[in-house]
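Owing to the predicted nature of the structure, the values given are computational and were not obtained by experimental measurement.
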Amino acid sequence: MPDCQEAVYSNDYYDFIASKEYMEDVPPGDYCVQDLDEDFVAVYYQMEGESGKLKAGEFSYGVIPKCFGLLNNVALGESGILKVRDQPNLALTGQGVLLGFIDTDFDYTNPLFCNTDGTTRVERIWNQEDRSGMPPKGFLYGTEYTRDQINEELMANRDAMTAKIPYADGHGTFLVALAAGSEDFGNQFSGAAPNCDIAFVQLKRAKQYLKDFYFIPDETPVFQENDIMAGVRYLNMLAAQLRKPLSICIALGTNMGNRGGASPLANTLNEISNRRQRCVSVACGNEADKRHHFLGGIRGQNAQEQVEISVSEGVEGFIAEMWAMAPELYEVTVISPTGERFRALPTSPGSHTEYRFLFEGTFVTVDYLLTGAANRNELIYIRFEKPISGVWVVNVSVRNFADGIYHVWLPMTDMITGEVIFIRSNPDTTLTVPSDAEAPITVAGYNAVDGSIYFESGRGYTATNMIKPDIAAPAVDVYGPVGEGKFETRSGTSVAAAITAGAGALMLEWTGVQRNDISVTTANIKNYFIRGAVRDDSREYPNREWGDCGNIVSS
C-alpha cells in the first residue's frame, strides 16, 4: 500500500473525485481514499507511464478536480451591520459562533484576532501544506493547530512567529478581518462579528500536473476542488464537536463547470447549507467584464453559428467548455486563423478526437461528453495547446435541436498566459463556480459610495435559470488589514462574501446562541437578508446583477 500522506502531496499521484456509490464496486488496491462529504471521496492513484502528465480524454471530466482561484481584485455602516451591533435589544457581535474560512495565508498573530488579554480568538487552524505535525482526525494530510497551541506560541515569542508566516498577498488575513476582526479604534476598523471564534483552513496549492493540464501559469495560486471540499467537511465537523453554530466564507471560484449547480463542491456546499445552525456565503466572482462567456443561439435544426475567440501572443494553451442542456446535442468544427479546418465528429458519447494544425503547430483535442446523473447534459471540451495568435473560430452545428441555447466559457484571467477573449461576448451567466450552488447565499458586489453595482461582479442567472446571485454587499475599496500591521483598500466579490459571512454569524448568534430559532438553516438566513435589503425603486427584482434583492442592509 502507498504512503497515503505522500500520495496527497506527490505529483506522481493523480487526484480523483469519485462518488462513494462508485467506490463500493472498486476492489481495494494500490490507492488511498479521503472522505470529502456524504457523497464523494478523493482517490489518490499512482500514475503509470510518463510521470506528471495528464492527457485529455484519458479520464472523464467529472473525476478530475477543478482548479479554483482567488476572487480578489465605510463597508459595515453601509451594510447595516453597525445598526444591529448598536441596537441595545440585540447587541450582536458573533459571541458563541464559529466563523470558518477556506483560503490562503492567515496572519493569526494579528491583534485583530486576539482578545483584550492577548489570547487568541482562533479556535483551530488546519494548514494543509504543513507536514510537520499531526493532521486532524479523519484526514490524511496537513497539520492541525489548536487554540491552546496557538496561545502557547503567542505568549512565547509573538515576533518570531510573525516572521515565519507566509503572507503571500494577505488575501486570507484580509477576509478574516472583515468578517471577524476585533475593533481597532486607532485604525478605525472593526470586523462584522468581532467577538466570534475563528477557524481557518489554509489550502495547499494545486499539484503541478493539474496546473500543466489546465495551462495555469506557475505564479498563479490555485487550489484543488477536493481540498476545498475537505476543508468544508473539516469546519462542519469542528463546529459539531464544539457544539457551535457555523458561518462559512467561500471566496474562491472557477470558470470550469456548467453553472447548473451540479459540481461536487456545489453538492458539498448544498449539503452543509441545509443543516441546522449553518450559514454558507459564496462570492459570485469578478468575471462580468472579462469577455469569457459566449451565449449561443442557433435558430433551427440545420442552422450553424460561429464562436470567435481572439488569442493574443504568448498564450501557452487554454480550454473552452461548451455546455448544452439536454436533449440538445451539437458538434463543432475548429478553424484556425489561417483557415485550416478540423471537424471533430462525435462518433459516440465520450468520443475523443485530436488534430495537429499543419501550419500553426497547434494541437487541439475535442471531447464529447454527456454529464450529470439526472439530465445527461452535453459538454464539448475543447483544449488548445500552443495556439498561434489571431482569431480562432469554433463553428457550431446542431445534431438534436430543442431551443438552440448553449454556453461557452473560457478560463478566468489569472488562469491563463496572455489574453483569450470572445469577440462577441455576453456579460450574463458569468458567476463563477461554486456560486451557482442552490442552497448557499451567493453574494454579488456593489460600490457603497454611489450605490452602483460593482462592474466586475459576476452576473446571473444560472444556466438552469435559477435566480443567482441572491444579494449584494460592499465590494469596492473596502478598508482592511493585509499583514505586518498594514491596512489598505481592496475590491472584489470575495470582500462582499466575507462581510456577508460576518452578517451570517450575527444571525446565528441571534437564532442559535440566543435560542430564537435553533432550526435555522442558510435558506432561512438568506430569506432574512432578502426581506431586509434595500431596493432601488428604479430597478425590477429579481435581476441578473443584484439577484433577488438590492444591497444587504439588516433591518
Side-chain angles (χ1 to χ4, degrees), residues 2 4-18 31-34 36 40-71 102-104 128-129 131 140-142 168 201-232 252-258 263-266 268 315-321 352 363 365 367 369 371 379 381-386 409-417 420 432-434:
C4 286
Q5 187 176 94
E6 179 62 28
V8 171
Y9 294 99
S10 173
N11 203 53
D12 293 330
Y13 282 79
Y14 290 124
D15 292 24
F16 297 129
I17 299 176
Y31 57 85
C32 299
V33 176
Q34 168 66 65
L36 297 178
F40 292 98
V41 294
V43 180
Y44 305 94
Y45 187 79
Q46 190 161 20
M47 297 178 182
E48 297 178 0
E50 188 178 0
S51 179
K53 294 289 185 180
L54 181 62
K55 297 178 182 177
E58 189 174 10
F59 301 102
S60 66
Y61 175 85
V63 304
I64 302 174
K66 310 304 175 285
C67 287
F68 289 72
L70 305 175
L71 303 179
I102 303 169
D103 216 273
T104 59
Q128 294 183 347
E129 287 196 311
R131 303 176 66 176
L140 298 172
Y141 59 108
V201 177
Q202 182 167 328
L203 291 165
K204 74 177 184 68
R205 302 298 174 97
K207 290 185 177 181
Q208 189 61 44
Y209 85 88
L210 277 176
K211 294 185 75 170
D212 292 343
F213 179 73
Y214 291 123
F215 303 110
I216 298 171
D218 288 342
E219 65 273 14
T220 300
V222 292
F223 312 95
Q224 293 180 201
E225 186 173 14
N226 51 304
D227 291 323
I228 301 169
M229 293 169 69
V232 174
L252 303 156
T254 184
N255 271 351
M256 304 172 188
N258 75 340
S263 67
L265 177 55
T268 296
V315 174
E316 290 294 319
F318 68 94
I319 293 168
E321 291 191 6
H352 171 83
F363 186 63
T365 61
D367 290 271
L369 307 167
T371 68
L379 164 62
Y381 194 74
I382 311 172
R383 191 172 185 270
F384 296 80
E385 185 174 346
K386 297 192 181 303
W409 285 280
L410 297 169
M412 294 199 311
T413 302
D414 290 343
M415 294 194 187
I416 202 164
T417 57
V420 180
T432 52
V433 175

Undergrad: Do Ile382 and Ile319 have side-chain heavy atoms sitting under 4.5 Å apart?
TA: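 No, side chains not in contact.
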Undergrad: Please assess Leu71 against Met412 for the test side-chain contact (heavy atoms from CB on, under 4.5 Å), listing each intermediate value before the final yes or no.
TA: CA-CA 10 Å; Leu71 303 179; Met412 294 199 311; 4.2 Å; yes
Undergrad: Please check if any side-chain donor atom of Asn226 sits under 3.5 Å from a side-chain acceptor atom of Gln34, or the reverse.
TA: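 Result is no, nothing qualifies.
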Undergrad: Could you go through Tyr214 and Val222, starting from their C-alpha distance and side-chain angles, then the distance that decides it, and tell me whether this counts as side-chain contact (heavy atoms from CB on, under 4.5 Å)?
TA: CA-CA 11 Å; Tyr214 291 123; Val222 292; over 6 Å; no
Undergrad: In Å and rounded to the nearest 0.5 Å, what is the CD to CG distance from Gln202 to Asp103?
TA: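 Atom-to-atom, Gln202:CD and Asp103:CG are 9.0 Å apart.
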Undergrad: Is Lys211 paired with Glu219 through a side-chain N to carboxylate O contact shorter than 4.0 Å?
TA: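 Salt bridge absent between Glu219 and Lys211.
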Undergrad: Under the side-chain contact (heavy atoms from CB on, under 4.5 Å) test against Gln224, which residue among Gln128, Lys204, Arg205 passes?
TA: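 Exactly one candidate clears the test, Lys204.
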Undergrad: Below 4.5 Å, heavy atoms only, C-beta onward: do Glu58 and His352 meet side chain to side chain?
TA: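 Glu58 vs His352: side chains apart.
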Undergrad: Specify whether Phe213 and Tyr381 have parallel, tilted or perpendicular ring planes, treating 30° as the upper limit for parallel and 60° as the lower limit for perpendicular.
TA: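 Phe213 and Tyr381: parallel rings.
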Undergrad: List the atom of Ile102, the atom of Gly231, and the distance in Å for their closest heavy-atom pair.
TA: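 Closest pair (atom of Ile102, atom of Gly231, distance): CD1-C, 3.6 Å.
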Undergrad: Please report the closest heavy-atom contact between Gly253 and Pro434, naming both atoms and the distance.
TA: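 Result for this residue pair: CA-CD, 4.4 Å.
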Undergrad: Looking at side-chain heavy atoms only, is the closest gap between Glu225 and Thr254 below 4.5 Å?
TA: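 In short, these two side chains do not touch, never coming nearer than 4.5 Å.
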Undergrad: For residues Asn255 and Pro411, report the shortest heavy-atom separation together with the two atoms involved.
TA: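 Heavy-atom minimum between the residues: ND2-C, 3.8 Å.
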Undergrad: With the side chain counted from C-beta on, respond yes when Cys32 and Val8 share a heavy-atom pair under 4.5 Å apart, and no when they do not.
TA: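 No, side chains not in contact.
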Undergrad: Nearest 0.5 Å, please: how far is OH in Tyr44 from OH in Tyr9?
TA: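 Interatomic distance, Tyr9 OH to Tyr44 OH, rounded to 0.5 Å: 9.5 Å.
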Undergrad: Please report whether the ring centroid of Tyr31 lies less than 6.0 Å from that of Phe16.
TA: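 Between Phe16 and Tyr31, the centre distance exceeds or equals 6.0 Å.
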Undergrad: Tell me yes or no: between the side chains of Tyr61 and Glu321, is some donor less than 3.5 Å from an acceptor?
TA: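 Short answer, yes.
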Undergrad: I want to check something: taking the side chain as every heavy atom from C-beta on, are Leu210 and Ile64 in contact at a cut-off of under 4.5 Å?
TA: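 Yes. Closest side-chain heavy atoms under 4.5 Å.
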Undergrad: Mind running side-chain contact (heavy atoms from CB on, under 4.5 Å) on Asp227 and Tyr141 for me, showing each step along the way?
TA: CA-CA 10 Å; Asp227 291 323; Tyr141 59 108; 2.6 Å; yes
Undergrad: Check step by step if side-chain contact (heavy atoms from CB on, under 4.5 Å) holds for Phe68 and Leu203.
TA: CA-CA 11 Å; Phe68 289 72; Leu203 291 165; over 6 Å; no
Undergrad: Roughly how far apart are Thr268 OG1 and Phe40 CZ, rounded to 0.5 Å?
TA: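 Taking OG1 in Thr268 and CZ in Phe40, the distance rounds to 7.0 Å.
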Undergrad: Which distance, rounded to the nearest 0.5 Å, do you find between the OG of Ser10 and the CG of Asp15?
TA: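 Spacing of OG (Ser10) from CG (Asp15) equals 9.5 Å.
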Undergrad: Just how far is it from atom CZ of Phe215 to atom CZ of Phe318, taken to the nearest 0.5 Å?
TA: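 With rounding to 0.5 Å, CZ (Phe215) is 9.0 Å from CZ (Phe318).
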Undergrad: What's the separation between atom OG1 in Thr417 and atom CD1 in Ile216, rounded to the nearest 0.5 Å?
TA: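 Here the interatomic distance stands at 11.0 Å.
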Undergrad: Taking the side chain as everything from C-beta on, heavy atoms only, tell me whether Glu6 gets closer than 4.5 Å to Arg131.
TA: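 A side-chain contact exists here, since the closest heavy-atom pair is under 4.5 Å.
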Undergrad: Taking the side chain as every heavy atom from C-beta outward, state whether Pro264 and Leu36 have any pair of such atoms under 4.5 Å apart.
TA: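 Not touching, per the 4.5 Å side-chain cut-off.
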Undergrad: Run the ring-centre check on Tyr14 versus Tyr45 and record whether the distance is less than 6.0 Å.
TA: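 For Tyr14 and Tyr45, the ring centres are not under 6.0 Å apart.
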Undergrad: Would you find a donor on one side and an acceptor on the other, under 3.5 Å apart, between the side chain of Asn11 and the backbone of Lys207?
TA: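 Judged by distance alone, no pair lies under 3.5 Å.
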